[in-house]
Amino acid sequence: MKKYRLALLKGDGIGPEVVSSAAHVLDVASQSTGLQIEFVELLVGMEAYRTTGRTLPPETMKGISECDGWILGPLQTGSYPKDDKDYPMSSGKIRKQYDLFANIRPAKSYLNTLNHIDLVVVRENTEDFFPNINLHKGYGEFWVDKDTVMSLRVIRRSSCKRIAKTAFEIARSRNQKKLVTAVHKSNVLMEGDGLFLDEVEHVHEEGYQDVKLEQKLVDSTSMELVTNPERFDVILTTNLFGDILSDEAAGLVGGLGLAPSLNSGESYAMAQAVHGTAPDIAGKNVANPVSEILSSAMLLDWLFSRKGEERKVFETARRIENAVREQLLSQNPKDKTIDLNGSASTQEFTSSLCMRILANS
Ligand code: ATP
(Lines give C-alpha, C1' and ligand atoms only; values in the text may rest on other atoms or scores of the structure.)
Protein backbone atom coordinates (compact mmCIF):
# COMPACT_ATOMS: atom_id res chain seq x y z
CA MET A 1 0.00 0.00 0.00
CA LYS A 2 1.31 3.46 -0.88
CA LYS A 3 2.53 5.69 1.91
CA TYR A 4 1.92 9.38 1.14
CA ARG A 5 4.68 11.73 2.19
CA LEU A 6 3.34 15.14 3.14
CA ALA A 7 5.73 18.01 3.88
CA LEU A 8 4.93 20.20 6.88
CA LEU A 9 6.31 23.74 6.56
CA LYS A 10 5.13 25.41 9.72
CA GLY A 11 6.14 28.99 8.99
CA ASP A 12 5.75 32.02 11.23
CA GLY A 13 3.23 33.54 13.65
CA ILE A 14 0.28 31.19 14.14
CA GLY A 15 1.77 28.84 11.51
CA PRO A 16 3.19 26.22 13.92
CA GLU A 17 -0.14 26.07 15.79
CA VAL A 18 -2.42 25.71 12.77
CA VAL A 19 -0.12 23.40 10.78
CA SER A 20 0.30 21.08 13.79
CA SER A 21 -3.46 21.04 14.19
CA ALA A 22 -3.97 20.20 10.49
CA ALA A 23 -1.39 17.40 10.69
CA HIS A 24 -3.07 15.95 13.76
CA VAL A 25 -6.47 15.97 12.05
CA LEU A 26 -5.01 14.40 8.89
CA ASP A 27 -3.33 11.75 10.99
CA VAL A 28 -6.55 10.77 12.77
CA ALA A 29 -8.70 10.92 9.63
CA SER A 30 -6.24 8.88 7.60
CA GLN A 31 -6.01 6.23 10.29
CA SER A 32 -9.80 6.00 10.24
CA THR A 33 -9.80 5.24 6.49
CA GLY A 34 -6.62 3.15 6.44
CA LEU A 35 -4.71 5.73 4.40
CA GLN A 36 -0.98 5.77 5.09
CA ILE A 37 0.56 9.20 5.63
CA GLU A 38 4.07 10.08 6.69
CA PHE A 39 4.79 13.69 7.67
CA VAL A 40 8.12 15.23 6.72
CA GLU A 41 8.93 18.41 8.65
CA LEU A 42 11.01 20.96 6.72
CA LEU A 43 12.24 24.34 7.87
CA VAL A 44 10.88 27.59 6.44
CA GLY A 45 10.54 31.17 7.66
CA MET A 46 12.19 32.69 10.71
CA GLU A 47 12.95 29.36 12.33
CA ALA A 48 14.85 28.39 9.18
CA TYR A 49 16.63 31.74 9.18
CA ARG A 50 17.74 31.31 12.80
CA THR A 51 19.09 27.84 12.04
CA THR A 52 20.48 28.21 8.51
CA GLY A 53 20.68 31.97 7.81
CA ARG A 54 17.96 31.90 5.17
CA THR A 55 14.18 31.61 5.21
CA LEU A 56 13.97 29.01 2.46
CA PRO A 57 17.00 26.71 2.74
CA PRO A 58 17.98 24.62 -0.32
CA GLU A 59 17.33 21.44 1.71
CA THR A 60 13.70 22.53 2.09
CA MET A 61 13.38 23.29 -1.63
CA LYS A 62 14.77 19.87 -2.46
CA GLY A 63 12.88 18.10 0.34
CA ILE A 64 9.47 19.23 -0.87
CA SER A 65 10.11 17.86 -4.36
CA GLU A 66 10.42 14.41 -2.77
CA CYS A 67 6.98 14.65 -1.13
CA ASP A 68 3.51 14.01 -2.56
CA GLY A 69 2.12 17.28 -1.26
CA TRP A 70 2.98 20.22 0.97
CA ILE A 71 1.25 21.99 3.84
CA LEU A 72 2.57 25.49 4.37
CA GLY A 73 1.82 27.81 7.28
CA PRO A 74 1.78 31.60 6.88
CA LEU A 75 5.05 33.47 6.42
CA GLN A 76 5.82 36.96 7.63
CA THR A 77 7.56 37.60 4.29
CA GLY A 78 8.06 41.38 3.91
CA SER A 79 9.61 41.72 7.36
CA TYR A 80 12.36 39.12 6.96
CA PRO A 81 15.92 40.36 7.60
CA LYS A 82 17.39 42.09 4.56
CA ASP A 83 20.44 39.77 4.53
CA ASP A 84 18.15 36.78 3.94
CA LYS A 85 18.99 35.40 0.50
CA ASP A 86 15.36 34.48 0.00
CA TYR A 87 14.05 37.97 0.78
CA PRO A 88 11.34 39.11 0.23
CA MET A 89 9.02 36.14 -0.20
CA SER A 90 9.74 32.47 0.32
CA SER A 91 6.25 31.30 -0.61
CA GLY A 92 6.49 33.26 -3.88
CA LYS A 93 9.77 31.47 -4.63
CA ILE A 94 8.17 28.09 -4.04
CA ARG A 95 5.20 28.99 -6.26
CA LYS A 96 7.48 30.17 -9.02
CA GLN A 97 10.04 27.35 -8.93
CA TYR A 98 7.39 24.62 -8.87
CA ASP A 99 5.02 26.53 -11.14
CA LEU A 100 2.02 26.48 -8.81
CA PHE A 101 0.05 28.61 -11.23
CA ALA A 102 -3.45 28.24 -9.77
CA ASN A 103 -4.56 29.55 -6.42
CA ILE A 104 -7.90 27.99 -5.57
CA ARG A 105 -9.83 29.67 -2.79
CA PRO A 106 -13.28 28.32 -1.91
CA ALA A 107 -15.75 30.23 0.28
CA LYS A 108 -18.52 28.10 1.70
CA SER A 109 -21.18 28.71 4.36
CA TYR A 110 -20.25 26.29 7.11
CA LEU A 111 -21.52 28.36 10.01
CA ASN A 112 -25.24 28.36 9.38
CA THR A 113 -27.79 26.91 7.06
CA LEU A 114 -29.48 30.22 6.27
CA ASN A 115 -27.28 31.34 3.44
CA HIS A 116 -25.86 29.04 0.82
CA ILE A 117 -22.69 30.67 -0.34
CA ASP A 118 -20.60 28.09 -2.12
CA LEU A 119 -18.17 29.65 -4.53
CA VAL A 120 -14.54 29.26 -5.54
CA VAL A 121 -12.15 32.00 -6.53
CA VAL A 122 -9.65 30.70 -9.09
CA ARG A 123 -6.78 33.15 -9.04
CA GLU A 124 -3.77 33.26 -11.35
CA ASN A 125 -0.78 32.73 -9.10
CA THR A 126 2.41 33.58 -10.97
CA GLU A 127 2.21 37.10 -12.41
CA ASP A 128 0.09 40.32 -12.50
CA PHE A 129 1.09 43.03 -9.97
CA PHE A 130 3.25 40.57 -8.08
CA PRO A 131 6.55 42.43 -7.97
CA ASN A 132 8.76 39.69 -6.62
CA ILE A 133 7.78 36.91 -8.99
CA ASN A 134 6.94 38.48 -12.32
CA LEU A 135 10.52 38.99 -13.48
CA HIS A 136 13.29 36.46 -14.15
CA LYS A 137 15.62 38.56 -12.01
CA GLY A 138 15.01 41.72 -10.04
CA TYR A 139 11.88 43.27 -8.64
CA GLY A 140 8.82 44.54 -10.51
CA GLU A 141 8.46 47.74 -8.50
CA PHE A 142 10.99 50.52 -8.82
CA TRP A 143 11.63 54.15 -7.97
CA VAL A 144 11.70 56.32 -11.09
CA ASP A 145 12.70 59.35 -9.00
CA LYS A 146 12.59 59.86 -5.25
CA ASP A 147 8.86 60.60 -5.28
CA THR A 148 7.64 58.18 -7.95
CA VAL A 149 7.21 54.40 -7.94
CA MET A 150 6.29 52.36 -10.96
CA SER A 151 4.81 48.86 -10.61
CA LEU A 152 5.01 46.44 -13.46
CA ARG A 153 2.02 44.26 -14.30
CA VAL A 154 2.64 41.10 -16.28
CA ILE A 155 -0.13 39.20 -18.10
CA ARG A 156 0.85 36.35 -20.43
CA ARG A 157 -1.42 34.55 -22.86
CA SER A 158 -0.10 31.15 -21.75
CA SER A 159 -0.86 31.94 -18.08
CA CYS A 160 -4.38 33.11 -18.94
CA LYS A 161 -4.96 29.93 -20.90
CA ARG A 162 -4.00 27.51 -18.16
CA ILE A 163 -5.80 29.36 -15.38
CA ALA A 164 -8.93 29.57 -17.55
CA LYS A 165 -8.76 25.81 -18.17
CA THR A 166 -8.43 25.22 -14.43
CA ALA A 167 -11.50 27.35 -13.72
CA PHE A 168 -13.64 25.60 -16.35
CA GLU A 169 -12.52 22.18 -15.08
CA ILE A 170 -13.46 23.15 -11.53
CA ALA A 171 -16.85 24.51 -12.62
CA ARG A 172 -17.50 21.27 -14.47
CA SER A 173 -16.43 19.05 -11.58
CA ARG A 174 -18.41 20.97 -8.94
CA ASN A 175 -21.57 20.10 -10.80
CA GLN A 176 -23.46 23.09 -9.46
CA LYS A 177 -24.39 26.16 -11.50
CA LYS A 178 -21.58 25.45 -13.98
CA LEU A 179 -20.95 29.15 -14.22
CA VAL A 180 -17.57 30.82 -14.61
CA THR A 181 -17.46 34.56 -13.97
CA ALA A 182 -14.35 36.08 -15.53
CA VAL A 183 -13.56 39.17 -13.48
CA HIS A 184 -11.54 42.01 -15.01
CA LYS A 185 -11.10 45.74 -15.43
CA SER A 186 -10.66 45.81 -19.17
CA ASN A 187 -12.19 49.28 -19.50
CA VAL A 188 -9.04 50.62 -17.81
CA LEU A 189 -6.46 47.84 -18.13
CA MET A 190 -7.38 47.51 -21.77
CA GLU A 191 -4.38 45.56 -22.99
CA GLY A 192 -3.68 43.21 -20.08
CA ASP A 193 -7.26 42.41 -19.18
CA GLY A 194 -8.20 42.49 -22.85
CA LEU A 195 -5.70 39.70 -23.42
CA PHE A 196 -6.99 37.83 -20.37
CA LEU A 197 -10.61 37.94 -21.60
CA ASP A 198 -9.63 37.05 -25.13
CA GLU A 199 -7.89 33.90 -23.95
CA VAL A 200 -10.70 32.97 -21.54
CA GLU A 201 -13.18 33.14 -24.45
CA HIS A 202 -10.87 31.05 -26.57
CA VAL A 203 -10.55 28.29 -23.98
CA HIS A 204 -14.32 28.34 -23.43
CA GLU A 205 -15.07 28.00 -27.13
CA GLU A 206 -12.53 25.25 -27.61
CA GLY A 207 -13.76 22.78 -25.02
CA TYR A 208 -16.06 24.03 -22.30
CA GLN A 209 -19.34 24.98 -23.97
CA ASP A 210 -21.20 22.98 -21.30
CA VAL A 211 -20.06 25.59 -18.73
CA LYS A 212 -21.61 29.08 -18.84
CA LEU A 213 -19.23 31.99 -19.11
CA GLU A 214 -19.94 35.59 -18.09
CA GLN A 215 -17.63 38.58 -17.85
CA LYS A 216 -17.88 41.13 -15.05
CA LEU A 217 -15.98 44.22 -13.97
CA VAL A 218 -14.15 43.82 -10.69
CA ASP A 219 -15.88 46.81 -9.10
CA SER A 220 -19.41 45.58 -9.76
CA THR A 221 -18.37 42.05 -8.80
CA SER A 222 -17.19 43.22 -5.39
CA MET A 223 -20.57 44.86 -4.82
CA GLU A 224 -22.53 41.85 -6.03
CA LEU A 225 -20.46 39.57 -3.85
CA VAL A 226 -21.97 41.43 -0.90
CA THR A 227 -25.52 41.86 -2.20
CA ASN A 228 -25.99 38.51 -3.93
CA PRO A 229 -23.12 36.13 -3.16
CA GLU A 230 -25.17 33.01 -3.78
CA ARG A 231 -25.34 33.72 -7.51
CA PHE A 232 -21.61 32.96 -7.96
CA ASP A 233 -20.07 29.59 -8.68
CA VAL A 234 -16.49 29.94 -9.98
CA ILE A 235 -14.81 33.35 -10.10
CA LEU A 236 -11.88 33.35 -12.50
CA THR A 237 -9.50 36.25 -12.23
CA THR A 238 -5.99 37.66 -12.24
CA ASN A 239 -3.77 37.70 -9.17
CA LEU A 240 -4.49 40.98 -7.39
CA PHE A 241 -8.24 40.99 -7.97
CA GLY A 242 -8.36 37.39 -6.79
CA ASP A 243 -6.49 38.26 -3.63
CA ILE A 244 -9.00 40.95 -2.71
CA LEU A 245 -12.19 39.18 -3.81
CA SER A 246 -11.26 35.97 -1.98
CA ASP A 247 -10.76 37.86 1.30
CA GLU A 248 -14.12 39.55 0.74
CA ALA A 249 -15.74 36.17 0.14
CA ALA A 250 -14.02 34.80 3.28
CA GLY A 251 -15.56 37.66 5.27
CA LEU A 252 -19.02 36.66 4.06
CA VAL A 253 -18.70 33.12 5.38
CA GLY A 254 -17.12 33.78 8.77
CA GLY A 255 -13.71 35.33 8.32
CA LEU A 256 -10.13 34.38 7.60
CA GLY A 257 -10.16 31.54 10.11
CA LEU A 258 -12.48 29.65 7.75
CA ALA A 259 -10.80 30.41 4.42
CA PRO A 260 -8.83 27.55 2.86
CA SER A 261 -6.68 27.68 -0.23
CA LEU A 262 -4.60 25.45 -2.47
CA ASN A 263 -1.72 26.46 -4.72
CA SER A 264 -1.53 23.96 -7.52
CA GLY A 265 0.29 23.23 -10.75
CA GLU A 266 0.60 20.27 -13.07
CA SER A 267 2.93 18.29 -10.82
CA TYR A 268 2.76 19.75 -7.32
CA ALA A 269 0.27 21.26 -4.91
CA MET A 270 0.60 23.15 -1.66
CA ALA A 271 -2.07 23.71 0.99
CA GLN A 272 -1.84 27.23 2.40
CA ALA A 273 -4.55 28.98 4.41
CA VAL A 274 -5.63 32.38 3.09
CA HIS A 275 -4.81 34.14 6.35
CA GLY A 276 -1.45 35.60 7.34
CA THR A 277 0.70 35.13 10.43
CA ALA A 278 -1.76 36.94 12.74
CA PRO A 279 1.01 38.21 15.06
CA ASP A 280 -1.59 39.61 17.49
CA ILE A 281 -2.65 36.08 18.51
CA ALA A 282 0.48 34.03 17.69
CA GLY A 283 1.66 31.62 20.37
CA LYS A 284 -1.53 32.02 22.43
CA ASN A 285 -3.24 28.77 21.41
CA VAL A 286 -6.33 30.65 20.23
CA ALA A 287 -5.94 30.64 16.43
CA ASN A 288 -8.68 29.03 14.39
CA PRO A 289 -7.05 26.09 12.55
CA VAL A 290 -9.99 25.44 10.20
CA SER A 291 -8.46 27.29 7.22
CA GLU A 292 -5.32 25.17 7.37
CA ILE A 293 -7.30 21.98 8.05
CA LEU A 294 -9.61 22.55 5.06
CA SER A 295 -6.61 23.53 2.90
CA SER A 296 -5.06 20.15 3.75
CA ALA A 297 -8.30 18.43 2.76
CA MET A 298 -8.11 20.31 -0.56
CA LEU A 299 -4.62 18.89 -1.01
CA LEU A 300 -6.04 15.38 -0.62
CA ASP A 301 -8.76 16.20 -3.15
CA TRP A 302 -6.10 17.38 -5.58
CA LEU A 303 -4.10 14.16 -5.11
CA PHE A 304 -7.25 12.18 -5.83
CA SER A 305 -8.60 14.13 -8.80
CA ARG A 306 -5.40 15.33 -10.49
CA LYS A 307 -2.97 12.57 -9.62
CA GLY A 308 -5.47 9.73 -9.74
CA GLU A 309 -4.58 8.51 -6.27
CA GLU A 310 -6.58 5.87 -4.44
CA ARG A 311 -10.15 6.43 -3.22
CA LYS A 312 -9.10 6.46 0.44
CA VAL A 313 -7.48 9.82 -0.23
CA PHE A 314 -10.85 11.24 -1.27
CA GLU A 315 -12.62 9.53 1.66
CA THR A 316 -10.16 10.97 4.15
CA ALA A 317 -10.85 14.47 2.82
CA ARG A 318 -14.63 13.93 3.10
CA ARG A 319 -14.34 12.74 6.70
CA ILE A 320 -12.42 15.88 7.56
CA GLU A 321 -14.79 18.21 5.75
CA ASN A 322 -17.92 16.58 7.18
CA ALA A 323 -16.56 16.77 10.72
CA VAL A 324 -15.66 20.45 10.26
CA ARG A 325 -19.16 21.18 8.94
CA GLU A 326 -20.78 19.35 11.85
CA GLN A 327 -18.60 21.01 14.46
CA LEU A 328 -19.13 24.52 13.09
CA LEU A 329 -22.91 24.02 13.10
CA SER A 330 -22.82 23.00 16.77
CA GLN A 331 -24.30 25.53 19.21
CA ASN A 332 -21.83 24.55 21.93
CA PRO A 333 -19.27 27.38 22.42
CA LYS A 334 -16.65 24.74 23.22
CA ASP A 335 -16.88 23.62 19.58
CA LYS A 336 -15.60 26.91 18.17
CA THR A 337 -12.56 29.11 18.57
CA ILE A 338 -12.82 32.67 19.88
CA ASP A 339 -12.85 34.36 16.46
CA LEU A 340 -16.24 32.65 15.99
CA ASN A 341 -17.46 33.64 19.48
CA GLY A 342 -16.58 30.24 20.87
CA SER A 343 -14.38 29.39 23.84
CA ALA A 344 -12.18 26.57 22.50
CA SER A 345 -8.43 26.90 22.28
CA THR A 346 -6.71 25.73 19.10
CA GLN A 347 -5.83 22.43 20.76
CA GLU A 348 -9.30 21.92 22.26
CA PHE A 349 -10.92 22.60 18.91
CA THR A 350 -8.56 20.13 17.24
CA SER A 351 -9.23 17.40 19.84
CA SER A 352 -13.03 17.78 19.51
CA LEU A 353 -12.71 17.59 15.73
CA CYS A 354 -10.61 14.43 15.93
CA MET A 355 -13.10 12.82 18.31
CA ARG A 356 -15.89 13.70 15.91
CA ILE A 357 -14.01 12.12 13.00
CA LEU A 358 -13.50 8.94 14.99
CA ALA A 359 -17.13 8.92 16.20
CA ASN A 360 -18.37 9.26 12.59
CA SER A 361 -16.06 6.55 11.26
P1 ATP B 1 0.33 39.22 7.95
O2 ATP B 1 1.16 40.45 8.08
O3 ATP B 1 1.12 37.97 8.08
O4 ATP B 1 -0.57 39.24 6.74
P5 ATP B 1 -1.92 40.15 9.51
O6 ATP B 1 -2.29 40.06 10.96
O7 ATP B 1 -1.75 41.51 8.92
O8 ATP B 1 -0.63 39.21 9.25
P9 ATP B 1 -3.76 38.15 8.97
O10 ATP B 1 -2.85 37.19 9.62
O11 ATP B 1 -4.40 37.70 7.72
O12 ATP B 1 -3.05 39.48 8.66
O13 ATP B 1 -4.85 38.52 10.07
C14 ATP B 1 -5.76 39.60 10.02
C15 ATP B 1 -6.62 39.54 11.27
O16 ATP B 1 -7.38 38.32 11.29
C17 ATP B 1 -5.82 39.54 12.57
O18 ATP B 1 -6.48 40.37 13.51
C19 ATP B 1 -5.83 38.13 13.03
O20 ATP B 1 -5.83 38.01 14.42
C21 ATP B 1 -7.11 37.54 12.45
N22 ATP B 1 -6.87 36.14 12.03
C23 ATP B 1 -6.20 35.73 10.93
N24 ATP B 1 -6.13 34.42 10.87
C25 ATP B 1 -6.77 33.94 11.96
C26 ATP B 1 -7.03 32.62 12.47
N27 ATP B 1 -6.63 31.53 11.83
N28 ATP B 1 -7.71 32.53 13.63
C29 ATP B 1 -8.15 33.62 14.28
N30 ATP B 1 -7.93 34.88 13.86
C31 ATP B 1 -7.25 35.04 12.71
Side-chain angles (χ1 to χ4, degrees), residues 8-25 44-49 55-56 71-81 84 86-95 103 105-108 110-111 121 123 125 129-132 239-240 242-263 270-298 320 324 327-328 333-353:
L8 298 180
L9 304 131
K10 292 188 170 172
D12 305 313
I14 59 172
E17 295 155 82
V18 295
V19 173
S20 302
S21 162
H24 189 44
V25 171
V44 71
M46 281 311 291
E47 199 195 343
Y49 179 80
T55 55
L56 186 61
I71 299 169
L72 176 69
L75 300 172
Q76 66 188 59
T77 55
S79 58
Y80 286 156
D84 167 31
D86 304 304
Y87 184 86
M89 200 191 239
S90 321
S91 62
K93 269 186 118 171
I94 298 176
R95 290 201 296 272
N103 185 206
R105 295 183 159 190
K108 208 167 174 173
Y110 284 109
L111 280 179
V121 176
R123 169 192 179 207
N125 213 18
F129 281 117
F130 221 128
N132 61 313
N239 189 283
L240 186 60
D243 194 20
I244 297 164
L245 292 176
S246 57
D247 268 30
E248 186 184 349
L252 292 169
V253 295
L256 287 172
L258 299 181
S261 116
L262 187 77
N263 298 285
M270 175 168 77
Q272 183 185 18
V274 169
H275 61 72
T277 55
D280 50 335
I281 55 167
K284 296 183 179 162
N285 192 23
V286 295
N288 185 345
V290 168
S291 324
E292 200 73 47
I293 292 169
L294 290 177
S295 304
S296 308
M298 288 178 75
I320 294 172
V324 166
Q327 184 146 328
L328 292 179
K334 288 185 180 159
D335 280 335
K336 291 192 192 93
T337 44
I338 53 173
D339 56 315
L340 302 177
N341 300 320
S343 61
S345 68
T346 310
Q347 281 170 349
E348 286 164 347
F349 179 91
T350 308
S351 302
S352 311
L353 192 65

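Indexing begins at 1, ligand by ligand and atom by atom, following the structure's order.
- The distance from the CG atom of L9 to the CG atom of L75 is 8.5 Å, given to the nearest 0.5 Å.
- Residues meeting the salt bridge (charged side-chain N to carboxylate O under 4.0 Å, His left out) test with K10, sequence neighbours left out: E41.
- For N285 (side chain) and Q347 (main-chain N/O), a donor-acceptor pair under 3.5 Å exists by modelled atom type.
- Atom CD1 of I14 is separated from atom NZ of K284 by 11.5 Å, given to the nearest 0.5 angstrom.
- The immediate protein surroundings of ligand 1, defined as residues with any heavy atom under 4.0 Å of it, consist of I14, L256, G257, H275, G276, T277, A278, P279, D280, I281, A287, N288, D339.
- For the side chain to side chain donor-acceptor pair (under 3.5 Å) test, no residue two or more places apart in sequence or in another chain qualifies with S296.
- Applying the salt bridge (charged side-chain N to carboxylate O under 4.0 Å, His left out) rule to D247 yields no partners; only residues at least two apart in sequence or on another chain are considered.
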